[in-house]
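Take a look at the structure below.
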Number of protein chains: 2
Amino acid sequence: METQWLDERERAAWLRLVAVVELLPGLLDAQLRAQAGLTHFEYFVLAMLSEAPEHTLRMTSLAQRTNATLPRLSHVVRRLEDRGLVERLPCPEDRRATNARLTDEGWDAVVAAAPGHVTTVRRYILDPLTPEQLEQLRGIGEALLTRLDPDRLMTALYDPEKTGNNGGSAARMSGASRRTRRAVS
Amino acid sequence: METQWLDERERAAWLRLVAVVELLPGLLDAQLRAQAGLTHFEYFVLAMLSEAPEHTLRMTSLAQRTNATLPRLSHVVRRLEDRGLVERLPCPEDRRATNARLTDEGWDAVVAAAPGHVTTVRRYILDPLTPEQLEQLRGIGEALLTRLDPDRLMTALYDPEKTGNNGGSAARMSGASRRTRRAVS
DNA sequence: GCGAAATAGTTGTTGTTTCAACTAACACTC
DNA sequence: GAGTGTTAGTTGAAACAACAACTATTTCGC
């Protein structure tokens with residue numbers, strides 16, 4: 001099996017993507033740490049809960065949406081629990097399972113962190129792109145995710161048309177979680 | 001200062017980018033670990049050295065190209081040195097500085113790891129994209145990097161036209177490092 | 001040239017992530 | 001309905017990254 005090496009066009013695109021992938025997490029992390037005292041992953045976890053019905057999600061489901069292993073999530077949720085941002089409740093339907101629920105303090109933390117985060121996203125990602133490039137990026141992301149996340153575990157409820165067909169979570173979306181704009185990503 | 005929230009188009013593009021950014025490093029890491037016994041970051045370090053003149057780079061310069069802090073790089077290079085893949089030499093011109101140099105074993109390791117890595121890149125990134133999308137990705141990456149890496153520390157010697165103007169490194173590229181194809185990324 | 005500031009790098013500590021092992025509950029088979 | 005396999009999650013140890021403190025050298029200002 002002979003390796004097919006990259007030509008100049010492929011190399012140019014790939015090197016730039018790698019650079020973005022390496023640089024972006026550090027920036028998001030630094031901003032959230034400084035302004036909200038959260039890592040990007042912690043913020044992501046809280047944001048996912050904030051969009052879930054009852055602000056509650058099973059650990060496994062939360063792990064899929066955040067692309068975390070279960071051990072990692074377990075540790076992070078324990079630390080968030082120690083800080084009073086999340087609570088863990090045994091799941092009544094399945095006594096093996098645990099539900100993670102956002103506390104009021106946790107909700108406040110997400111709401112407080114969101115504006116700074118969105119501003120950062122705008123400055124580093126959205127502003128430098130033309131409207132056409134924005135649309136292209138959506139298409140490229142979509143194409144890549146068919147390989148990177150074929151079962152759509154992480155990117156379940158994206159399409160605004162098909163709400164309500166992912167375990168009914170969007171349909172049962174609570175009033176509280178709609179009261180403010182989304183805590184993006 | 002009122003926060004400008006994301007509209008649907010912006011949100012769609014951003015969420016997909018975040019998903020890619022979260023998923024890709026894990027995949028690259030897993031493949032390289034399994035097939036070459038290297039983390040993606042270690043591979044990246046070795047690959048940067050393999051493209052440098054004399055297979056040698058100052059620690060600071062290497063840190064910039066790999067987007068690492070100096071402490072992080074120092075630890076990683078020490079571990080690579082323990083494994084015989086890299087050696088550290090005091091720099092004659094500046095006695096504060098250290099040069100990291102790829103050993104023959106290190107070179108062999110990069111050459112052995114490269115085919116599997118390139119195959120992975122092709123499968124997950126290049127193959128799912130159309131030729132137009134590949135070109136769009138280059139443009140988008142370029143636009144983002146003007147903000148993410150304004151001084152072009154990480155992405156110094158990209159343009160094939162302007163070789164030889166980055167500290168003369170490309171100009172003085174040694175015969176050895178040209179003998180095989182690049183160990184990409 | 002002498003002292004202050006800046007630069008290059010290392011080392012130790014602390015927090016996080018990964019990995020492996022483990023417990024508990026459910027599900028499926030016979 | 002006992003036994004086996006699978007799923008959900010936690011915990012502890014080891015690897016790794018971020019941060020702070022430190023040494024050594026060079027450069028800058030006067």
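Sequence lines set the chain letters: A, B, ... in the order given, protein chains first and strands last, and positions in each chain run from 1.
In this view, Arg58(A) satisfies the side chain to side chain donor-acceptor pair (under 3.5 Å) rule with no residue, not counting sequence neighbours. Judged as a side chain to side chain contact (heavy atoms under 4.5 Å, CB included), and not counting sequence neighbours, the contacts of Glu10(A) are Leu6(A), Asp7(A), Arg122(B), Leu126(B), Leu134(B). Listed by chain and residue number, Arg33(B), Thr39(B), His40(B) satisfy the side chain to side chain contact (heavy atoms under 4.5 Å, CB included) test with Asp29(B) (two or more places apart in sequence, or in another chain). Annotation: salt bridge (Lys or Arg N to Asp or Glu O under 4.0 Å) contacts of Glu105(A) (sequence neighbours excluded): none. Every residue two or more places apart in sequence or in another chain that forms a salt bridge (Lys or Arg N to Asp or Glu O under 4.0 Å) with Arg101(B) is listed here: Glu87(B). In this view, Arg72(A) satisfies the side chain to side chain donor-acceptor pair (under 3.5 Å) rule with no residue, not counting sequence neighbours. In this view, Thr56(B) satisfies the side chain to side chain donor-acceptor pair (under 3.5 Å) rule with no residue, not counting sequence neighbours.
Rounding to whole angstrom units, CG of residue Leu73(A) and C1' of dT11(D) are separated by 14 Å. Computed from coordinates, the Leu80(A) CG to dT10(D) P distance equals 13 Å when rounded to whole Å. In this structure, Met59(B) atom CE and dT7(C) atom C1' are separated by 14 Å, rounded to whole Å. When the P atom of dA8(C) is taken as reference, atom CZ of Arg88(B) falls 17 Å away, rounded to whole Å.
Checked by atom type and distance alone, the side chain of Gln31(A) never pairs as donor or acceptor with a backbone atom of Thr120(A) at under 3.5 Å.
Only Asp94(B), Arg95(B), Arg96(B), listed by number, bring a heavy atom of residues 89-101 of chain B to less than 4.0 angstrom from any atom of DNA chain D.
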- line: Readout for nucleotides 13-20 of chain C: B = base within 4.0 Å of protein heavy atom, S = sugar-phosphate only, - = neither; 5' to 3' it is ---SBBBB
